[in-house]
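Just so you know, these numbers use all the heavy atoms, side chains as well, and skip hydrogens, waters and symmetry mates. A quick note: this is a predicted structure, and the numbers were derived from the prediction, not measured.
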Amino acid sequence: MAPVPVVTVVPRPPGTGPLPKDVVRADIDGSAANAGLPANARGSLTGDEDDPAGPLSCLVRFKSFHEESAPVDIPRYERMLSELGERGWKQRGERQERKALDGSDSQFTVVLEQRGWKLKTEYGTFGDGGTVDLMAIDEACAERTRGGGEVRQG
């Protein structure tokens with residue numbers, strides 16, 4: 001029997017390959033905190049994204065509601081986007097804006113990408129304040145989970 005050849009694995013250069021889920025979580029939580037947004041309202045999110053076998057295992061989600069002590073407004077949303085940009089997230093496509101019937105800004109959607117992840121960010125008015133909603137999808141994980149189907153974000 002011939003000896004098995006030894007293959008040298010060259011280490012991957014830093015900053016390449018897909019981002020680990022915990023890095024995406026840290027990017028989102030850190031960017032929101034640095035922008036002054038209230039903490040993630042995990043209780044408002046259904047399902048368990050931390051269950052590695054669950055249908056939400058390919059997701060990282062964040063939701064923040066306006067609070068008197070920590071408002072959710074357009075400037076904080078913009079700061080959060082800037083913070084994400086500093087962490088290497090790049091905008092994909094056009095920013096989408098919707099106006100309320102009175103002409104005021106009521107909803108913004110910006111999609112960002114980085115190393116195999118797509119991050120949909122939304123700001124919307126809600127009562128006296130606003131909400132920020134983020135959903136990141138590991139596109140390769142989602143494709144494997146769906147058996148090769150198209151990855152969609154709602």
Side-chain angles (χ1 to χ4, degrees), residues 9-52 54-100 103-146 150-154:
V9 177
V10 179
R12 183 183 303 252
T16 64
L19 285 176
K21 187 175 184 176
D22 61 331
V23 170
V24 175
R25 167 58 63 206
D27 280 357
I28 289 172
D29 289 345
S31 295
N34 288 348
L37 291 169
N40 191 6
R42 290 187 69 97
S44 71
L45 303 171
T46 58
D48 183 7
E49 67 192 49
D50 296 325
D51 176 2
L56 303 179
S57 62
C58 303
L59 301 178
V60 174
R61 298 174 299 163
F62 180 94
K63 187 144 186 110
S64 187
F65 294 99
H66 176 82
E67 299 173 5
E68 289 303 317
S69 62
V72 175
D73 55 20
I74 295 169
R76 284 176 178 79
Y77 174 72
E78 296 293 347
R79 275 200 303 270
M80 181 201 63
L81 291 174
S82 178
E83 289 279 340
L84 287 164
E86 290 178 20
R87 289 168 168 79
W89 292 87
K90 305 287 184 211
Q91 185 170 332
R92 177 174 119 184
E94 297 288 320
R95 174 189 184 116
Q96 297 178 17
E97 299 181 20
R98 291 190 184 147
K99 302 271 186 193
S104 64
D105 294 322
S106 67
Q107 184 176 3
F108 299 102
T109 302
V110 175
V111 177
L112 307 170
E113 290 182 317
Q114 185 177 188
R115 295 174 43 199
W117 285 81
K118 182 166 70 171
L119 173 58
K120 182 178 181 182
T121 72
E122 292 182 318
Y123 167 83
T125 55
F126 182 75
D128 292 334
T131 63
V132 169
D133 196 1
L134 291 89
M135 184 170 66
I137 295 179
D138 176 341
E139 294 186 292
C141 172
E143 196 163 314
R144 282 190 308 273
T145 302
R146 291 182 181 217
E150 182 181 343
V151 177
R152 296 184 181 192
Q153 265 182 295

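With Ser106 contributing its side chain and Thr125 its backbone, the two residues share no donor-acceptor pair below 3.5 Å. Looking only at distances, no side-chain donor or acceptor of Trp117 sits under 3.5 Å from a matching main-chain atom of Val24.
Across all their heavy atoms, Gln114 and Asp27 have their closest contact at NE2-OD2, 3.9 Å. Nearest heavy-atom pair, Arg25 versus Asn40, reported as atom, atom and distance to 0.1 Å: NH1-ND2, 3.5 Å. The shortest heavy-atom contact between His66 and Val72 is ND1-N, 3.2 Å. Between Pro38 and Pro71 the shortest heavy-atom distance is CD-O, 4.1 Å. In plain terms, the two heavy atoms of Gly36 and Ala70 that are nearest each other are O-CB, 4.3 Å. Taking all atoms of both residues into account, the shortest heavy-atom contact from Val110 to Leu81 is CG2-CD1, 4.0 Å.
Rounding to the nearest 0.5 Å gives a distance of 12.0 Å between CD1 of Ile28 and CG of Leu37. In this structure, the separation between SG on Cys58 and CG on Asp138 is 6.0 Å, given to the nearest 0.5 Å. The CZ atom of Arg98 lies 8.0 Å from the CD atom of Glu122; values are rounded to the nearest 0.5 Å.
With salt bridges taken as basic N to acidic carboxylate O contacts below 4.0 Å, one links Arg76 and Asp73. The existence of a salt bridge linking Glu78 and Arg95 is confirmed by a sub-4.0 Å separation between a basic side-chain nitrogen and an acidic carboxylate oxygen. We find that Arg87 and Glu83 are joined by a salt bridge, their nearest charged nitrogen and carboxylate oxygen being less than 4.0 Å apart.
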Exercise. Yes or no on side-chain contact (heavy atoms from CB on, under 4.5 Å) for Asn34 and Arg79, after CA distance, side-chain angles and deciding distance?
Worked result: CA-CA 8 Å; Asn34 288 348; Arg79 275 200 303 270; over 6 Å; no

Problem set entry | Verdict with reasoning, Leu84 to Leu134, per side-chain contact (heavy atoms from CB on, under 4.5 Å) | CA-CA 12 Å; Leu84 287 164; Leu134 291 89; 4.2 Å; yes

For this session: Before giving the answer on side-chain contact (heavy atoms from CB on, under 4.5 Å), spell out for Gln107 and Thr109 the whole-Å C-alpha distance, their side-chain angles and the decisive distance to 0.1 Å.
Result: CA-CA 7 Å; Gln107 184 176 3; Thr109 302; 4.0 Å; yes

Exercise. Could you go step by step and tell me if Asp29 and Phe62 meet the side-chain contact (heavy atoms from CB on, under 4.5 Å) rule?
Worked result: CA-CA 8 Å; Asp29 289 345; Phe62 180 94; 3.6 Å; yes

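Using bins of under 30°, 30° to 60° and over 60° for the plane-to-plane angle, the ring pair Tyr123/Phe108 lands in the tilted bin.
Under the salt bridge (charged side-chain N to carboxylate O under 4.0 Å, His left out) test applied with Glu113, the options Lys118, Lys90, Arg92 reduce to a single match, Arg92.
By the 4.5 Å heavy-atom criterion applied to side chains, Met135 and Arg61 are counted as neighbours.
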